There are 2 protein chains.
Amino acid sequence: MLQVSRKFEYGLHAVTYMATKGLGRVVTVKEMADEIGFSQEFLSKAMQSLKRAGIATSVQGVNGGYMLARPITEVTVADIAIAIEGRPHLVRCGVKADSCEIFSSCHHRGYMNNLQHKIQDLLAATTIHSLLQEIER
Amino acid sequence: MLQVSRKFEYGLHAVTYMATKGLGRVVTVKEMADEIGFSQEFLSKAMQSLKRAGIATSVQGVNGGYMLARPITEVTVADIAIAIEGRPHLVRCGVKADSCEIFSSCHHRGYMNNLQHKIQDLLAATTIHSLLQEIER
DNA sequence: GAAAATAGGGTTAAAATAATCCTATTTAAC
DNA sequence: GTTAAATAGGATTATTTTAACCCTATTTTC
């Protein structure tokens with residue numbers, strides 16, 4: 001259905017939430033889950049992905065939590081998508097060639113790959129900074 | 001995972017196949033399924049969707065089959081996507097508002113809808129005619 | 001009337017996604 | 001040094017979506 005995953009939505013909300021709190025501020029998953037209205041456990045998985053991708057850093061232990069690792073002018077929506085879902089693959093043969101019966105004779109692969117890159121460029125064109133500005137208006 | 005459905009792939013292959021056969025030629029689902037390498041039954045569902053959308057016309061009975069209803073310069077990849085999957089909805093609240101817990105307080109909807117339109121524009125920018133030209137090269 | 005097609009409802013199977021559960025580890029505070 | 005609050009993450013289950021399949025009806029040519 002050409003839809004973004006829930007986990008990505010969770011992650012994007014978390015990042016914009018952290019952004020409004022400022023770069024240095026540590027926020028807990030509980031705080032975000034309560035504030036935004038998401039399940040704490042699932043949001044936690046999204047945060048772990050963001051951390052692995054270097055978008056957020058974490059502080060363990062009491063008073064720990066997450067904070068943004070980079071300035072919001074340098075993080076794009078594409079970065080978050082890739083952190084959470086991996087690089088987008090419009091067609092499944094991009095992930096696993098043998099998932100398509102007609103791989104060797106397929107004429108559409110080039111076009112599809114092209115399309116995929118364009119979509120990724122679209123996501124990469126929005127930084128968290130510009131997203132916040134759009135939201136404020 | 002931001003992926004296109006198999007049914008859409010089937011439909012797109014069928015349309016390009018019919019296009020190479022010429023506008024007037026009637027082709028059967030069996031012929032296409034054999035030629036392309038897909039399951040006949042499932043391709044048949046895709047064809048029914050294309051018909052309902054006015055992209056293909058059908059002839060029933062012996063010697064029946066499908067053929068393109070419109071010139072390939074006037075059918076875009078977006079038309080096929082919409083025929084088969086319905087209008088794309090990047091986020092599920094676009095389909096069903098109550099599928100999201102934070103619908104009323106969500107700040108991302110505008111941006112997401114915007115993105116969705118841009119993706120659709122991308123698909124609408126390729127006609128079957130131009131797709132075939134890309135393939136030939 | 002038989003055969004070859006589309007039309008389409010309904011069911012099952014498989015895969016992907018989302019949610020939950022549970023335990024480990026880290027660290028501050030007392 | 002024990003407790004409590006947090007992240008880390010493996011493992012499992014539930015749900016939803018997608019794909020595949022089955023079966024019957026209808027249309028039309030010969």
Side-chain angles (χ1 to χ4, degrees), chain A residues 1-11 13-14 18 25-34 37-53 55-67 69 81 84-86 88-92 95-96 98-102, chain B residues 1-11 13-14 18 25-34 37-53 56-67 69 81 84-86 88-89 91-92 95-96 98-102:
Chain A
M1 217 202 276
L2 209 49
Q3 202 172 66
V4 110
S5 77
R6 211 86 176 91
K7 198 172 164 193
F8 165 78
E9 287 185 48
Y10 280 27
H13 274 283
M18 288 189 290
R25 166 84 185 286
V26 172
V27 300
T28 66
V29 169
K30 185 176 185 325
E31 174 184 343
M32 284 193 281
D34 286 352
F38 284 149
S39 130
Q40 190 173 330
E41 286 244 42
F42 198 49
L43 179 56
S44 159
K45 301 289 181 186
M47 293 314 298
Q48 288 169 26
S49 299
L50 291 175
K51 190 203 161 174
R52 274 184 223 112
I55 292 170
T57 50
S58 71
V59 179
Q60 278 189 306
V62 178
N63 302 329
Y66 290 94
M67 59 190 187
I84 288 184
E85 309 199 318
H89 288 287
L90 264 196
V91 284
R92 63 212 68 207
V95 191
K96 263 186 82 200
D98 66 358
S99 62
C100 182
E101 321 84 30
I102 65 166
Chain B
M1 214 204 277
L2 209 51
Q3 202 172 65
V4 110
S5 77
R6 211 85 175 93
K7 198 172 164 193
F8 165 78
E9 288 185 49
Y10 280 26
H13 274 282
M18 288 189 289
R25 165 84 184 288
V26 171
V27 300
T28 66
V29 170
K30 185 175 185 322
E31 174 184 342
M32 285 192 282
D34 286 351
F38 286 148
S39 130
Q40 189 173 329
E41 286 244 43
F42 197 50
L43 179 56
S44 160
K45 301 289 183 186
M47 293 314 299
Q48 288 170 27
S49 300
L50 291 175
K51 190 205 160 171
R52 276 184 222 110
T57 50
S58 71
V59 179
Q60 279 189 306
V62 180
N63 302 328
Y66 290 94
M67 59 189 186
I84 287 184
E85 310 200 317
H89 288 287
V91 284
R92 64 211 67 207
V95 191
K96 263 186 83 199
D98 66 358
S99 63
C100 182
E101 321 84 29
I102 65 167

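Since we're looking at a predicted model, the values are computed, not measured. To find a chain, count down the sequence lines: A is the first, B the second, and so on, and within it residues start at 1. As a basis for the values below, the full set of heavy atoms in this structure was taken, side chains included, without hydrogen atoms, waters or symmetry mates.
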Just the rounded figure in Å: distance from [atom2] of [N] to [atom1] of [X].
X: Leu43(B); N: dG8(C); atom1: CG; atom2: P; value: 16 Å
X: Ile84(B); N: dA19(D); atom1: CD1; atom2: P; value: 11 Å
X: Met32(B); N: dA4(C); atom1: CE; atom2: C1'; value: 15 Å
X: Lys51(B); N: dA5(C); atom1: NZ; atom2: P; value: 17 Å
X: Leu2(A); N: dT18(D); atom1: CG; atom2: C1'; value: 14 Å
X: Leu50(B); N: dG8(C); atom1: CG; atom2: C1'; value: 15 Å
X: Gln48(A); N: dA6(D); atom1: CD; atom2: P; value: 16 Å
X: Gln3(B); N: dA16(C); atom1: CD; atom2: P; value: 8 Å

Taking atom [atom1] of [X] and atom [atom2] of [Y], what is their separation to the nearest 0.5 Å?
X: Gln3(A); Y: Glu85(B); atom1: CD; atom2: CD; result: 10.5 Å
X: Tyr66(B); Y: Arg25(B); atom1: OH; atom2: CZ; result: 16.0 Å
X: Ile55(A); Y: Met18(A); atom1: CD1; atom2: CE; result: 8.5 Å

Write out a two-atom table: protein N or O, nucleotide N or O from nucleotides 19-23 of chain C, distance below 3.5 Å.
unit_1, atom_1, unit_2, atom_2, d
dA19(C), OP2, Tyr10(A), OH, 3.3
dC21(C), N4, Glu41(A), OE1, 3.1

Closest non-hydrogen atoms of Leu50(A) and Gly11(A), given as atom of the first, atom of the second and distance, are CD1-O, 4.0 Å
| query | So, for Glu101(A) and Gly37(B), which heavy atoms are closest and what is the spacing to 0.1 Å? | reply |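 Minimum heavy-atom separation between Glu101(A) and Gly37(B): OE1-O, 3.8 Å.
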- Task: Using the closest heavy atom to pick a nucleotide of DNA chain D for each, name whichever of Lys7(B) or Gln40(A) lands nearer the 5' end.
- Result: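 Final value for this comparison: Gln40(A).
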Under-4.0 Å side-chain N/O to phosphate OP1/OP2 contact, [X] with [N]:
X: Ser44(B); N: dT6(C); answer: no
X: Arg52(A); N: dG9(D); answer: yes
X: Arg92(A); N: dT18(D); answer: no

Table please: side-chain donor-acceptor pairs of residues 42-49 of chain B below 3.5 Å, with sequence neighbours left out.
unit_1, atom_1, unit_2, atom_2, d
Ser44(B), OG, Gln48(B), NE2, 3.4
Ser49(B), OG, Lys45(B), O, 3.3

**Request:** Apply side-chain hydrogen bond (donor to acceptor under 3.5 Å, both in side chains) to Arg92(A) and list each qualifying residue two or more places apart in sequence or on a separate chain.
**Result:**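 For Arg92(A) there are no side-chain hydrogen bond (donor to acceptor under 3.5 Å, both in side chains) partners, ignoring immediate neighbours.
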Hits for side-chain hydrogen bond (donor to acceptor under 3.5 Å, both in side chains) against Arg52(B), two or more places apart or cross-chain, chain-then-number order -> none
Got a sec, which residues hit ring-ring contact (aromatic ring centres under 6.0 Å, His included) with Phe38(A), two or more places apart in sequence or on another chain?
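For Phe38(A) the ring-ring contact (aromatic ring centres under 6.0 Å, His included) partners, ignoring immediate neighbours, are Tyr10(A), His13(A).
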What protein N or O atoms touch nucleotides 28-30 of chain C N or O atoms at under 3.5 angstrom, if any, and at what distances?
unit_1, atom_1, unit_2, atom_2, d
dA28(C), O3', Asn63(A), ND2, 3.4

Heavy-atom nearest nucleotide on DNA chain C taken for Val59(A) and for Tyr66(B); more 5' hit belongs to Tyr66(B)
